[in-house]
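Everything on this sheet refers to the single structure shown next.
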Number of protein chains: 2
Amino acid sequence: MTEKRRKNSAAHEKRRQILNAAIRVFAQKGFHRCRISDIASEAKVAYGLVYHYFENKEEILNSIFDENWGLLTEVLASADERGDDLEVKLRALVDFILDAYRMVPDVIQVVVMEIARSSKFLKRPKVDAFEKAFQNLATILARAQATGHVRKDLEPKIMAYMVFGSIELILTGYLLGTIEPSIGETYEAHKQAITDVFLQGLRAPRAEPAGA
Amino acid sequence: MTEKRRKNSAAHEKRRQILNAAIRVFAQKGFHRCRISDIASEAKVAYGLVYHYFENKEEILNSIFDENWGLLTEVLASADERGDDLEVKLRALVDFILDAYRMVPDVIQVVVMEIARSSKFLKRPKVDAFEKAFQNLATILARAQATGHVRKDLEPKIMAYMVFGSIELILTGYLLGTIEPSIGETYEAHKQAITDVFLQGLRAPRAEPAGA
DNA sequence: GGCTTGCTTGACTCGCAAGTCAACGCCCGT
DNA sequence: ACGGGCGTTGACTTGCGAGTCAAGCAAGCC
């Protein structure tokens, strides 16, 4: 059994190797522009081995997505469970995503650029996975509405979409090089900007009727 | 000349026919999944004619983009020139985009899903075109900062990205069917939500230090 | 009315990349 | 030491779809 375990993990290592190579290649050339042979040579394995571990290119993309998106959903779910303030939760979400970009930009690029957009044509489950993460944030916001911290005149879902959309386009800006994220400080400033704007924008008006 | 004109416009009509067919096909099957022959048969013209009017598939996509994105940039530029209030300008932007989706969802789908995301790998000019529109909004915001209507602690560019990102992800939600936009009222509610959140979120704090 | 010009046609070529598969060798269990 | 299973290899087949092109056709011109 020990040896089977070892074999398994050795085999698994090859799988990882291919997956990591795929992430690099997808990020660099784009999903549609790259060939299986590119992935194989990047991973330094034979062409055929890719097909031993994966049905086809799309399944590779799916695996990348599943692994990483699941993480985000978990973070959101656990943030919600702790009884933190909305500010804390929102900051945790923003931090998590921007830090992830900082550490593994290739992964983020693939998830954002190659998967998020093409999901119209991909399988249902993927859309559901997106929904799940969004729903988590929507729940957090709904709860904050209940406690009177967030304005009640807007659907939580729409607010959640706005938050994610803001983050995503900023990431896209990084990826396209139209926003310069080189300095560490900049990331922090952007995190701050996102949380600030939404905390202020979503806050329930206090004693102030905001006269017309 | 009259006859040349007539010919020209007749020829142009074929071009349009192909372009419109391409929009429909791209929206339905996705850019990468469709063949030139799909476009030709959708347009009810011969295969070869597509190559008479366009270099290749990518040039078709480019034409679709150029035509439609230019429009957005113009709207933004003209909104800025009129000395309107920020609220009016922001509302005009949001209205324009959501109304466009309502009227020609296929076009919006192609621009949002097929072009926006893939621009990392496409030609520079496209990225510049995006930048231009974003820059227009950033300028509007910078001006509003100068007049004290908008908080000065954030980069205009980042704020512009947030606004566009919010709009874009809501459109994506429509396209994926995760947001239900069927009822006309819903569109209006969403327009309202976007403008409201940002007007409040970007507003400069008045006499209120927003304690703690 | 023929001739020319240029839009239009669709069958054909050709290259590329996906996916297959038969053989190989390492490693393990007996 | 031997046999077998499984991870691994990469040459080969196959099909698809982009792009070509030579021949048709319509309509203006002399």
Side-chain angles (χ1 to χ4, degrees), chain A residues 1-64 110 114 118 121-123, chain B residues 1-64 110 114 118 121-123:
Chain A
M1 241 160 234
T2 341
E3 75 297 332
K4 184 160 190 190
R5 187 81 157 287
R6 188 147 54 83
K7 259 216 160 156
N8 258 349
S9 73
H12 226 77
E13 212 159 310
K14 282 281 163 118
R15 203 190 124 98
R16 268 252 81 74
Q17 208 172 315
I18 293 169
L19 227 33
N20 289 335
I23 290 169
R24 268 173 271 136
V25 173
F26 288 165
Q28 208 212 333
K29 310 184 63 168
F31 178 72
H32 293 287
R33 282 169 186 68
C34 85
R35 294 151 299 179
I36 295 289
S37 66
D38 293 330
I39 298 172
S41 65
E42 172 76 22
K44 299 194 171 59
V45 298
Y47 184 87
L49 196 64
V50 177
Y51 283 94
H52 181 76
Y53 286 107
F54 303 93
E55 278 291 304
N56 50 41
K57 212 162 47 151
E58 192 167 317
E59 205 210 304
I60 302 178
L61 195 63
N62 281 340
S63 301
I64 296 172
V110 172
E114 301 294 336
S118 56
F121 309 105
L122 270 39
K123 305 288 170 286
Chain B
M1 241 166 236
T2 340
E3 78 295 331
K4 184 161 191 190
R5 186 80 156 288
R6 190 145 53 83
K7 262 221 161 152
N8 258 349
S9 72
H12 225 77
E13 211 159 313
K14 282 282 163 118
R15 203 190 124 97
R16 267 252 81 77
Q17 207 171 315
I18 292 169
L19 225 34
N20 289 335
I23 291 169
R24 267 173 272 136
V25 173
F26 288 165
Q28 208 213 333
K29 309 185 64 167
F31 178 71
H32 293 287
R33 282 172 183 66
C34 86
R35 295 153 297 181
I36 296 288
S37 64
D38 293 331
I39 298 171
S41 64
E42 172 75 23
K44 296 194 172 63
V45 298
Y47 184 87
L49 196 63
V50 175
Y51 284 94
H52 182 76
Y53 286 108
F54 302 93
E55 276 292 302
N56 49 40
K57 213 163 46 151
E58 193 167 315
E59 205 208 304
I60 302 178
L61 194 63
N62 281 340
S63 302
I64 295 172
V110 172
E114 301 294 336
S118 57
F121 309 105
L122 269 41
K123 305 288 170 285

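The sequence lines fix the lettering, A, B, ..., with proteins before strands; numbering per chain opens at 1.
With contacts defined as side-chain heavy-atom distances shorter than 4.5 Å, the pair B/Val50/B/Ile60 qualifies. Looking only at side-chain heavy atoms (C-beta outward), B/Phe54 and B/Asn62 stay at 4.5 Å or farther from each other. The side-chain heavy atoms of B/Ile64 and B/Phe26, taken from C-beta on, include a pair separated by under 4.5 Å.
Between the CD1 atom of B/Ile18 and the P atom of C/dT9 there is a distance of 9 Å, given to the nearest Å. The separation between A/His32 atom NE2 and C/dA17 atom P is 15 Å, rounded to whole Å. When the P atom of D/dG17 is taken as reference, atom CZ of B/Arg33 falls 12 Å away, rounded to whole Å. Rounded to whole Å, the distance from CZ on A/Phe54 to P on C/dA18 is 15 Å. Here D/dC6 presents its P atom at 19 Å from CZ of A/Arg15, a figure rounded to the nearest Å. What separates OH of B/Tyr53 from P of D/dG19 is a distance of 19 Å, to the nearest Å. Distance B/Lys57 NZ to D/dC16 P: 15 Å, rounded to the nearest Å.
Here the nucleotide nearest the side chain of A/Tyr51, chosen from C/dC7, C/dT20, D/dG19, is C/dT20. Listed nucleotides: D/dG10, C/dT8, D/dT20. Nearest to the side chain of B/Lys14: C/dT8. Considering only the side chain of B/Arg35, D/dG17 comes nearest among D/dG17, D/dT20, C/dA17. The listed nucleotides are D/dA18, D/dG7, D/dT9; the one nearest the side chain of A/His52 is D/dG7. The side chain of A/Leu49 sits closest to D/dT8 out of D/dT8, C/dT8, C/dG19. Distances were taken from every side-chain heavy atom of A/Tyr47 (C-beta onward) to each of D/dT9, C/dT20, D/dG19; the shortest belongs to C/dT20.
A donor-acceptor contact shorter than 3.5 Å is absent between the side chain of B/Lys57 and the backbone of B/Arg35. Side chain of A/Glu42 to main chain of A/Val25: no donor-acceptor pair is present (N/O by atom type, distance under 3.5 Å, no hydrogens or angles).
B/Ile36 comes within 4.0 angstrom of sugar-phosphate atoms only, judged by non-hydrogen atoms across all strands, and of no base.
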